[in-house]
Amino acid sequence: MNTNESSGASHFIRNIIREDLEAGKNDGRVITRFPPEPNGYLHIGHAKSICLNFGLAREFGGRCHLRFDDTNPAKEEVEYIESIQEDVRWLGFDWGEHLYHASDYFDELYDYAVQLIGMGKAYVDSLTAEEIREYRGTLTQPGRESPYRNRSVDENLDLFERMRRGEFEDGEHVLRAKIDMASPNMNMRDPTIYRIRRMPHHRTGDKWVIYPLYDFTHCLSDAIEGITHSVCTLEFEDHRPLYDWVLDVLQTPCHPQQIEFARLNLTHTVMSKRKLLRLVQEGVVSGWDDPRMPTISGLRRRGYTPESIRNFCDRIGVAKRNSVVEFALLEYCLRQDLNRRAPRYMGVLKPLKVVIVNYPEGLEENLEAINNPEDISMGTRMVPFSREIYIERDDFMENPPKKFYRLSPGKEVRLRYAYFITCVDLIKDEKTGEVVELHCTYDPATRGGDSPDGRKVKATLHWVSAKKALNAEVRLYDHLFTQSDPEEEGAGGDFLARLNPRSLEVLHDCKLEPGLADASKESFYQFERLGYFCPDIKDFTLEHPVFNRSVTLRDTWAKLQKAGKAD
RNA sequence: UGGGGCGUCGCCAAGCGGUAAGGCUCGGGUCUUUGGAACCCGCACUCGGAGGUUCGAAUCCUCCCGCCCCAGCCA
C-alpha cells in the first residue's frame, strides 16, 4: 500500500491532505515547501521537516520546493545556502527545478505592498523602534494607534517609494499593515512588514534598501509558488491569522493552508541554532560537522546514513504535542540499517597481546570469515592468523565475576573464525601489576572455530594478527551532554556546564584487520562485537587511518556490569 | 489577570461514543562461531483532575490543574 519507506502510520497532516484530496481541493495538487533561512547549518530537527514536506509531496504525487527565506541580509550567508542544498540532497530529496528564494519575489512583494497601501490597509510609520514597542501595549493591555496611522494613501505611497529609493536612513520609517492595535493577538497589532536596511543582499546586491519581513513575505511566497499546504512549526500558530489576513486582503493566485506541527527535540543534545553556534564558536566542538553535533553534516561524519535518519523521522511521528525523543531511538535506527548492510571486520581497540605458545613459530594461516551473516551474498574474506595476536583488554579478567564468560586463567574461549584457545599463563608489569601479555594454548582440531567433539565454549572473541595488524586511530563518541535535558532550568550554570567530559575518547594504537586498509570514505563497517565505524571524512588517510565510532552494538554485558548484576 | 496551543505507559504515538494499536526503552526466555542479529513472552483495569450526559466516555459537556508559544524594524 505504501510505496515509500514510510510506515503508513498516519498523522494529522497526512489526514488533512487526504481529506482535501477527497474533497477535490486544489484540483488534487499537493505542493509543499521546505523554507530554511540560510543563517546556519541544518540539524536533525530540520530533517524532520524535510522528510515531512518532501515525503508528503512524494506520497501524494505532488512536489516540494526548496525555498530560501532570505529576507534578512544581516544574518544570511552564501555558505549556508550551499550547505543546506548539500544536506537536503544527501538526505535523499530532490527539488528538481523548484529551487526558489524569497528574494526572487522582492519586486512582486513590493507591488503587493503598494496595493495594500492603495487599499488603505498599510501605512508608513515614523515612530522609532522603541516607540513602536511602547505603542504596541502588552499581553494584557491593548496597544495604542500610532500618530502616523492615518496618513493619506498618497502620502504613504510617496513615503514608501522614497523609502525604496534610499532617501532615508535605517529605522527612520517602516511600513506597517493597518489591522487592529487592540487585538489580543500581538501579531495583529499593525505588524511591521517592511523595514529599511541599507545593506547589500547576497543575491540582490544593492538593488534594495528596504526588505520585507517574514509575515508579509512567507504567505505571499507560498501563494506565488502555488503551495497548497504550508507546513511550519508550532510557534507560528499565532501568525496564522496574519498569514490569512494578507492573503485575504490581496489578490493572490491562491490561498495556501498553513498547518503547524511540533518541532523535534532530542535528549542529550541541544537544537537551537544559537546554542549550536556557541558550541562551534567556543571551541567545544571542532565545527558544525563535529561528529557529536546533531547537525546533518555532523551526523553524516559520525556515520549516520540517510536511510537511518529518514526512518527515524518516520518513526517519531508528527503531532502538535511538544515532546522530547530519546536519543536511543536514533541509535536504534542506525543499528537497524547498518546491521543489514555493513560488512563485518575485526578490530581491537584496546589491545592485549596473546602468544599462542603451542602454535608453530613463523606459521601464518589465512582463515575464512563471513562478511555479513545477515546477507550471505556479501561473501567471505580471508583473515591472517599467527602465533601472536591481539585481543581486547576487556575480554580478559584475572579474577572474573560469575557472569563473565570471556577469557580468564584456565578458561577456554573461541577466537572467531580461528581456534579455541585456553589461557595458561599471564605476564604482568612488575611495577604496576597490570597484565601485559597472555600465554595461551590452542587446539588445532578447532580450526575455523568448530569443535569436532562438540565441546562448547561460552564466548567468542574478536582478534587481530599482531604481525598483520593495521594500526589506526579510533575516535569513540558519546552524548555531548550528560543530562538528558541540557537546558533544564535550575541546578546553576548554563547548558555548557552540562557537557559530557567524555563525549570524545581518542584511541591511538588500535589494531585492525588488514582488510580495512583500503576502507573508503562514506562507507561503514561493523567491528564485530563493538559497534559500527566509519572512516573519518576529513582526517582519514591511507598513511594514518582514522575511524569514528558511529554507534555501539547493543551490549548486554555492559548493561549487567552497570546494573551491578555481573556477579 | 489577554490570546493561541497541548496534556493517552519511562520516551514517542494511534485512537474521533462501543469498552486502550504500534515503535523505542525496560524485564524474562529461545537460538547463536558477534553477550550482536533474529524470534517468543511480559510491560496503561486506564487515558492531567473532579463532576456531568449516556446502556456505554480517552473520545461529548462543565469546572479545575499543569506545560508550551506570543509584547523583533528575527525567522
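Just so it is clear: chains get the letters A, B, ... in the order the sequence lines come, proteins before strands, and each one is counted from 1.
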Separation between CD of E134(A) and OG of S146(A), rounded to the nearest 0.5 Å: 12.0 Å
Nearest-neighbour nucleotide for the K559(A) side chain, G36(B), C12(B), G27(B) considered: G27(B)
All salt bridge (charged side-chain N to carboxylate O under 4.0 Å, His left out) counterparts of R393(A), not counting sequence neighbours: E434(A)
Under-3.5 Å donor-acceptor pair between Q336(A) side chain and G23(B) base: no
is_close_aromatic(Y194(A), F160(A)), centroid dist under 6.0 Å: yes
Considering all heavy atoms, the nearest R197(A)-Y211(A) contact: O-CE1, 3.3 Å
Nearest-nucleotide comparison on RNA chain B, the residue closer to the 5′ end among T267(A) and Y332(A): T267(A)
Distance below 4.0 Å between S323(A) side-chain N/O and A13(B) OP1 or OP2: yes
Y417(A) vs T140(A), nearer the 5' end of RNA chain B by closest nucleotide: T140(A)
Those residues that, when tested against R549(A), pass side chain to side chain contact (heavy atoms under 4.5 Å, CB included) (two or more places apart): L476(A), F533(A), T552(A)
Where the chi angle of C45(B) falls, syn if within 90° of 0 and anti if not: syn
Side chain to side chain donor-acceptor pair (under 3.5 Å) against R198(A), all qualifying residues, sequence neighbours excluded: none
Aromatic Y110(A) / basic R164(A) pairing, under 6.0 angstrom, 45° off normal: yes
OP1 or OP2 of A13(B) under 4.0 Å from side-chain N/O of R315(A): no
Interatomic distance, F327(A) CZ vs C11(B) P [rounded to whole Å]: 19 Å
Sequence-distant partners of H65(A), ring-ring contact (aromatic ring centres under 6.0 Å, His included), two or more places apart: H98(A), Y100(A)
Could you list, one pair per line, each protein nitrogen or oxygen that sits under 3.5 Å from a nitrogen or oxygen of nucleotides 14-16 of chain B, together with the distance?
unit_1	atom_1	unit_2	atom_2	d
A14(B)	OP1	V318(A)	O	3.4

Separation of the P atoms in A20(B) and G4(B), to the nearest angstrom: 35 Å
Contact summary for S83(A) and Y41(A), nearest pair of heavy atoms: CB-CE2, 3.5 Å
Per-nucleotide protein contact string for nucleotides 68-75 of chain B (B base, S sugar-phosphate only, - none; heavy atom under 4.0 Å): SBBBSBBB
No-H, no-angle donor-acceptor pair, E528(A) side chain to G36(B) base, under 3.5 Å: no
